[in-house]
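Here is the structure we will look at, set down as structure tokens.
Here is the naming used below: chain letters follow the sequence lines, and residue numbers restart at 1 for every chain.
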2 protein chains.
Amino acid sequence: MFSAGHHRILSTIGRLGPMSRTDLSRVLALSKASISMLVRDLLTQGVLREQALVFGQGRPSVTLGLRSDAASFIGISLHADPVTIVLTDPYGEVLARHLQPRISEPEACFRSLAAVVEAVTREIGEGGGPVAGIGIAQPGFVSRDRRVCLASAALGWVDVDVAGRMGSLTGLPVFVENDTNALILGEQLFGGFGDRPDFSLVFLGDGIGSAHIIGGRLHRGAHGGAGEMAHSPIAIDSHAALPCRCGNKGCLETVASLRAIRGAARQAGLEDDLALLSARAADGHPDALAILHRAGAALGVALAQLVQMIDPAQLVVMIEPDLEQSVFTRVMRQEMETHVLRRSGVQMELVLRAPEPDSFAKGAAGLAAKHYLFGEDWA
Amino acid sequence: MFSAGHHRILSTIGRLGPMSRTDLSRVLALSKASISMLVRDLLTQGVLREQALVFGQGRPSVTLGLRSDAASFIGISLHADPVTIVLTDPYGEVLARHLQPRISEPEACFRSLAAVVEAVTREIGEGGGPVAGIGIAQPGFVSRDRRVCLASAALGWVDVDVAGRMGSLTGLPVFVENDTNALILGEQLFGGFGDRPDFSLVFLGDGIGSAHIIGGRLHRGAHGGAGEMAHSPIAIDSHAALPCRCGNKGCLETVASLRAIRGAARQAGLEDDLALLSARAADGHPDALAILHRAGAALGVALAQLVQMIDPAQLVVMIEPDLEQSVFTRVMRQEMETHVLRRSGVQMELVLRAPEPDSFAKGAAGLAAKHYLFGEDWA
DNA sequence: ACAAGTTGTTTCATGAATTGAAATAAGAGG
DNA sequence: CCTCTTATTTCAATTCATGAAACAACTTGT
């Protein structure tokens, strides 16, 4: 379909936004002649469009952008129950959304998902292009080729050939990825931060996950387990260290996860609702303050360790808006900063971001979009 | 000098060891025709040699190896006082070694180093090829282009154009790198472990440093600060947390560095010698045991965090042989393992390795060797 | 000893990707 | 209307890599 040259152009425009042929020639270090030919192909194929004239000295340049109806992508999140299925355009705009109960038995799960994919594909109207692929985000470990779920505790899956089965049910290319990894890849492609070769993402939910983009590529680790931080021993020597489901004590997850925070609130006789807890803390309720302080401090220490080890240009923390304005975030930030050595003039950017309900599914769609735009070996 | 194709062949043989043309064609996914031509060039240029016949079915294959007299490389370690300067061949074999006092004032330092380089270059006899470049390993931060020392606390340097000055003094290409980074790059090239795309190295000395090879490339971080672990807050809530020179308390360095171990030994009224301390611990001396146990446990926790976050295929810990057989190492390993979640059947390899006196200088020479073998943009 | 089979290496004409230089296009500014 | 500047296209040439076939050098079986 596309040659390597075509993919280089598409991925550049996908990452850096619309630009002229001359810009492309500069960025890609290719001759104007090559760009001219490659762009012509992409225009006739209906993937790019000439979308504006930019006037300066000399002949105006024509900015080239992705056509939003070039192709559509399906993203499926198995991160939580209900399962989310979205259809997006190449910019990550959601064109359609479905929710479904999560089914653990693989075959039944795939059949019900395939039925939704079928329906969504048929529903595409004027605005959307043909579906180019399916991305699936799921908790657990995924094989390096993004086809097989090696192990997922949450789903109870071991060595399930997700891409194979879904592929033969739908006839579309399928890409499977760990949920947090899918999330960061979605951020990378659709997040609108331009081209950041090195950044990390931490997701705070009922569990805690992190993922890293290093040198522009997802870092999956030698065994696909990179980014595990939920069981980092943070409160290890504290006398109050809680036992964790992993068998150790004092894991980050036992203090800072939303589940842990709600649990601590219940134990203290408070409502297990984050908004209420934050409000109580803001009013000065000592137990509420203590719980959020402890959780924020623990996460802050873990973030500091991440920053020291990985040194990302930017750290995106996905956190419930209910917590964002609370003492939790304040303490987290402060604790992180005290434990990060800083060379003068050098600063890492910390970004707080509220997870949207579609975040994981959009990330999953991004997997398919990356394959379409970037080609076979983009990660 | 060499084309990209030539570099691909040289780097493959440098990393994976000698191999036949047909092997190269398989590994590099290039046609036999291309390999044939490229190899011919390298043979006539005296960089490769046909070094053995391997008999199997059919025509025997000719293994191609790097000629050890193809080129020599100079490595300079500013890691500690005395400065070490070595001359190596492309296999990392040390052909000559010089020691010099470390001079802080940049210009004087460069002049004295350049004089040694001059002398070493003249001394090369039969065995060695022409000097192809100089690598410099130094504590502190280095610019992304490996030319400028941005900041080095140990040397007191800020924005010193090391490569520029040394280059004009010697007329050779110069590459500067952080000392721990140079060490891991040396391990990668000369370590004899073949081709490991993902591994990490921790150096335990008076300070503690780590470095990571990710996807076959050094991970330097967005600000060149990746791998910092000396100030990871490990013993953070312990009542015995010691103040650290960084201003915080409970940093890894305050417990596990050799300096800290020796300091703790002195405080306990013991000799500040690692071998003696290990021996005492082996005899059951309670203070010695406590000191080594505490240090080993702290490092073990830090290693666990590293493994969880990065998930390397292999973790090389460079540690004094005096400690290697002691309770320190035993506790370190055990503590690390209890805090690493393991998926069944998946194992990370922990390698203990004694630092040689030339380790840093050899790593530095490796910088120049990589440039020679791999071409401009290898990291 | 000889033929057949297997694998490694080289040769050569071909094709694809990319390029530099020149030509052309489309504006701004006088 | 002319000149200057910058963007884009055209075109012939070059570089790079390739597939197929030839050639080489061994092992194995008879």
Using whole Å, report how far [atom1] of [X] lies from [atom2] of [N].
X       : N      : atom1 : atom2 : answer
B:Lys32 : D:dA22 : NZ    : P     : 15 Å
B:Leu38 : D:dT15 : CG    : P     : 15 Å
B:Asp41 : D:dT15 : CG    : P     : 14 Å
A:Met37 : D:dA7  : CE    : P     : 20 Å
A:Leu28 : C:dA17 : CG    : C1'   : 14 Å
A:Ile9  : C:dT18 : CD1   : P     : 10 Å
A:Ile35 : C:dA17 : CD1   : P     : 14 Å
A:Arg8  : C:dA17 : CZ    : C1'   : 12 Å

Taking 4.0 Å as the cut-off, does a side-chain nitrogen or oxygen of [X] come that near to OP1 or OP2 on [N]?
X       : N      : value
B:Ser34 : D:dT18 : yes
B:Ser31 : D:dT18 : yes
B:Thr22 : C:dT7  : no
A:Arg21 : C:dA25 : no

Aromatic rings B:His212 and B:His219: how do their planes relate, parallel, tilted or perpendicular, breaks at 30° and 60°?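 B:His212 vs B:His219 ring planes: tilted.
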Classify the angle between the aromatic ring planes of A:His7 and A:Phe2 as parallel (below 30°), tilted (30 to 60°) or perpendicular (above 60°).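 A:His7 and A:Phe2: perpendicular rings.
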Under 3.5 Å, which protein N or O atoms sit close to an N or O of nucleotides 23-27 of chain D? Give each pair with its distance.
from, atom 1, to, atom 2, distance (Å)
D:dA24, O4', B:Arg59, NH1, 3.3
D:dA24, N3, B:Arg59, NH1, 3.4
D:dA25, N3, B:Arg59, N, 3.3

Check whether the side chains of B:Arg15 and B:Thr12 place a donor and an acceptor atom closer than 3.5 Å, and report yes or no.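 There is no such pair (donor and acceptor under 3.5 Å, judged by atom type) between the side chains of B:Arg15 and B:Thr12.
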Should [X] and [Y] count as side-chain neighbours, where that means a heavy-atom distance under 4.5 Å?
X        : Y        : value
B:Leu87  : B:Val94  : no
B:Leu38  : B:Arg8   : no
A:Gln188 : A:Leu218 : no

Does A:Ala33 or A:Ser3 map to a spot on DNA chain C nearer the 5' end, using the closest nucleotide for each?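 Upstream on the strand: A:Ser3.
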Nearest to the A:Leu30 side chain among C:dT18, D:dT8, D:dA17, which nucleotide is it?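 Of C:dT18, D:dT8, D:dA17, C:dT18 is nearest to the side chain of A:Leu30.
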Select one nucleotide: of D:dT10, C:dT9, C:dT10, the one nearest the side-chain heavy atoms of A:Ser36.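 The closest nucleotide is D:dT10.
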Using the side chain to side chain donor-acceptor pair (under 3.5 Å) rule, take B:Arg146 and B:Ser143 through it: C-alpha gap first, then chi angles, then the decisive distance, then the call. CA-CA 5 Å; B:Arg146 294 175 199 274; B:Ser143 67; over 6 Å; no
